Amino acid sequence: MTRSTTSVLAAVLAGGLMLFAPQVAQVAQAAKGDCGQPSSSGASPVSSDALTILKSSVGQPTACDDSPSKCDCDVNNSNTVTASDALLDLKKAVGQDVTLTCSCSVVPQGIPCTSAVFHSRTGSDLDSGWTGIAHNSDLEIGSSISFDVMKRCTDNNAQCQANADCVNNNCKATCDCSSDTTCDITGPTDAPRCVTTLKGCTTNTDCPTGVACVHTFGPPLPLSSGGTPVCVVSVFDSVLTGTADTSTGEAVTSASLKSRVFLGIAIDKPCPRCGAPADHPQIGGTFTCSGGQFDAAVCHVDALSPVFGGTSFDCPPALNANVSGAGLEIRFSQVTTGTSTKTAQLPCANSQFLSNPLNAPFKCYGGTNAGKTCSTNTDCPGSAVPGPCQSHPGKCLDNNAACSTNADCKRCTGDSSIQCTADNQCTGNGSCGEAPDQPVTCGFWCQCGFCNGDASLPCFETGDCPSGQTCQVGPGSGNVQNAPQQEPNSCSSDKFICGQFASEQCATSVLGKCTEQSYRSCTSGTTTCEDNNAGTCDIEPKPCFESRITRTGSPSPLGTYCAFQDKTCTTNADCTQSGDFCVKDSARPQTVALFCVPGTSSSSINSVGGITGPGAVSLKGFIEVCRCGDGKIGCDEQCDDGNTVNGDGCDDFCQTEHP
C-alpha cells in the first residue's frame, strides 16, 4: 500500500461495474501504518516495528524493503536506515515523547501524480433486471482497478506516451494533482489475464490457443437471487477513459465490459470459493479453491463477499457452466460521482403492456414476432389477442381512463393516488405533475433496447448509439442476447405501478427473503429459512425500477482519509476501527452508473433476473494516487528510482525501460 502517494486522481470509476466478508477488506497489499510502522498499523509503533528496522539496518531483508527509499523505517529522515532509527522507534513504542520524521509522512510536494488505483469497499450495491428479485445485491470488497494520468501532445492535444509521439516533441501529463487538478485518465493498467483461466499473461501467446489475454474487472463475482446462483467474470471490452478533478473530486468515465455468466455451483456458493465465510478469509490470505476449473488448488484471496466468502483469480468457474458465450455486453456510457438519469422510452414486448399511441410504432403483440414493428397482420405470424399488428389506445395505468399523452394522467407528485389538474389540488402532497415526475403513465414503457437491434450495443436511448443508428426494441426471441425487454416491472398487485408511495418499491406486491441469507427466497407461513438455518422469512415490498431511474454519487476531494472508515484523519489515532490507518493524499468517492443487461442462453436466469432489462450500480471506493519519483512503488508502477528522468531504466511514469 502506498501511504505516501494517495489521492483522488479519479473519484472515477465503477464501473466499472461491477463489481464483497466481514467488515472491510484491506486496501492494496498491506495494513501498514504511519512513519516508523513498517509491519504494523494502529495509533503508534510497537516493539516489532523497531525490531524490523534494526534488522534492516544490518542488511537483513524486511518489510522496510517495500520501497527503494525505505522511508517508513528512516524515522530520523537521514536518507539511510541505521540502528539509531530502531532505537528512536523503540522509544516511541514504549511511550516516550519523541518525534518520528519520515520523508513519506507527508504528501509529496512538487511531485506530480501519475497513476492511481481504485478499490471497491463495503456498501457497494447492484440492482439488475425488471423483476426486482436481483436488486440490492452486495458487490465485492477489495476489487481493484489501476489507471494512469493521460498524457497529450502540447501541439495538437493528441494522446501520447512519449515525446517522440508528438510533432513538437513535447508529450505532457494532463494534470499534476497540485497546481493543475483537472486530469484526463486512461486505463485499465492492471496486469492482464487469460480470459478463461484467469492466469496472468502478457500477450495472447501466453494463453491457451484461441484464448485472449485481457484486462479483468476484479475476480469472479458471486451473485444469487430467486434460487438462481450465478458467477460473473467481467473483462474490459474497451479502454477506460474519463476526466477527474482532484480539487473537487468530481469525475466522469466510460468503459464497456463483457460479462461472462456461469451457472452457479450452489445457492450459497455461486462462484468457486477461496475461503468459506466460516473461515473468515481476508485479502491476501491463502486457502484452496473449492469448486471450479482448479478445484483444490492453492489460492490467494483477491476480494471478499460479505455473504459468500473469498474469491480469487486462482479459482475461475468451470467453462462448461457458461451460459453467455463470449459475454454479455455491458456498456457504461457514464460512470459518475454526480447524477445519472434514464427515462423509459421504448415499447415493451409483452402484449399486456401497451404504449402511448402517439409515439409507439405499430408492432406485433404476441406470437413469434412479438415486439417487432409491422405494417400489416401478415407481418405477425402466430399472434393472438389483443393483436396482431396495431398501435393500441393508451390508458392511464391506475384507472384505465383513455389518454393520449402523460399529461392526461396527472397525479400529485407526493401521493400519486390523487388525481389532479392543478397544484392547489395537491396541498401537502407535492405538485400536480405528469409522469415520470410521478409514476402513473399513459401506457407502459420499457427501458432497454439495442442499437439497430445489435446485441453488442444495448441502449436506453438513441443517444447511446453510434451516429446514424437508433435505439430499438430488441428484435430477438427466446433465449438470445438481443431479446426484447418484456415488462417494465413486476408490481403485479399494483397495476404495474412502481414507486407510487415509496421510491423504487411496489405498494402491495411483496418479496420474501431469509433474514440471515438474503439470497434465499421464502414465502409467508413456510419454514424455508428455519430449515436452512437462515433466520426467519422477512416479507417486504418488492423492489422495482420506475419509468425514470436515477442514481446519485458523491465526489471526494483530494485529502487524507482512513483506509476503512468513512472519515478524514490526521494520524492513525483518528481511525478507530481495528486495523485501520490514515492514508494521506487519498479519496473515498461513490460512483454510480446505469446500464442495460442483455439476455443469456438460460431461460431461468432471464426470467428470474428480468433480463433483457436495466441495471444500476452504486460503487463505493477508496482511491490511492501514486506519484512517480517519490521513491515508493505503488499502483501500476514497475519501478521508482526517485526521479522522473527517462533513459535510466525507469521512465517518467515509473515503468521499466528495456534496452
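As the structure is a prediction and not an experimental result, all values here were calculated from the model. These numbers come from the heavy atoms of this one structure, side chains and all, not from hydrogens, waters or symmetry mates.
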Checking the side chain of [X] only, and the main-chain atoms of [Y] only, is there a donor and an acceptor separated by less than 3.5 Å?
X: S586; Y: Y561; answer: yes
X: R121; Y: G621; answer: yes
X: D580; Y: A563; answer: yes
X: N322; Y: L319; answer: no
X: T114; Y: C628; answer: yes
X: Q481; Y: S324; answer: yes
X: D314; Y: H300; answer: yes
X: K269; Y: A276; answer: no
X: T246; Y: L558; answer: no

For this session: Would you please test C575 and C582 for disulfide (SG to SG under 2.5 Å) and show each step?
Result: CA-CA 6 Å; C575 304; C582 190; 4.8 Å; no
Exercise. Does the pair T600 and N606 meet the rule for a side chain to side chain donor-acceptor pair (under 3.5 Å), with working shown?
Worked result: CA-CA 6 Å; T600 72; N606 296 345; 3.0 Å; yes
Check the SG atoms of [Y] against those of [X]: under 2.5 Å or not?
X: C514; Y: C537; value: no
X: C274; Y: C299; value: yes
X: C639; Y: C654; value: no
X: C194; Y: C213; value: no
X: C315; Y: C289; value: yes

For this session: Indicate whether any N or O donor in one side chain lies under 3.5 Å from an N or O acceptor in the other, for S146 and D636.
Result: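 S146 vs D636: no donor-acceptor pair found between side chains.
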For this session: State whether a side-chain donor-acceptor pair under 3.5 Å links T576 with Q565.
Result: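 Yes, Q565 and T576 have a side-chain donor paired with an acceptor closer than 3.5 Å.
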Any heavy-atom pair between the side chains of [Y] and [X] that's under 4.5 Å?
X: T122; Y: P306; value: no
X: T241; Y: S254; value: yes
X: F294; Y: T197; value: yes
X: P458; Y: F595; value: no
X: L257; Y: F236; value: yes

For this session: Please list all pairs passing the side chain to side chain donor-acceptor pair (under 3.5 Å) test where one or both residues lie in residues 201-229, with sequence neighbours left out.
Result: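 Matches after skipping sequence neighbours: T203-T205.
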Exercise. Can you check side chain to side chain donor-acceptor pair (under 3.5 Å) on S618 and Q590, steps first, answer last?
Worked result: CA-CA 7 Å; S618 177; Q590 179 174 349; 2.4 Å; yes
Exercise. If you measure from the Lys or Arg side-chain nitrogens to the Asp or Glu carboxylate oxygens, is any gap between R551 and D127 under 4.0 Å?
Worked result: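 Salt bridge between R551 and D127, a charged N being under 4.0 Å from a carboxylate O: yes.
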For this session: May I have all residue pairs that pass salt bridge (Lys or Arg N to Asp or Glu O under 4.0 Å) and include part of residues 281-310, sequence neighbours excluded?
Result: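 The answer is none; no pair qualifies.
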Exercise. Residues two or more places apart in sequence or in another chain: which of them pass side-chain hydrogen bond (donor to acceptor under 3.5 Å, both in side chains) with D89?
Worked result: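 D89 satisfies side-chain hydrogen bond (donor to acceptor under 3.5 Å, both in side chains) with no other residue.
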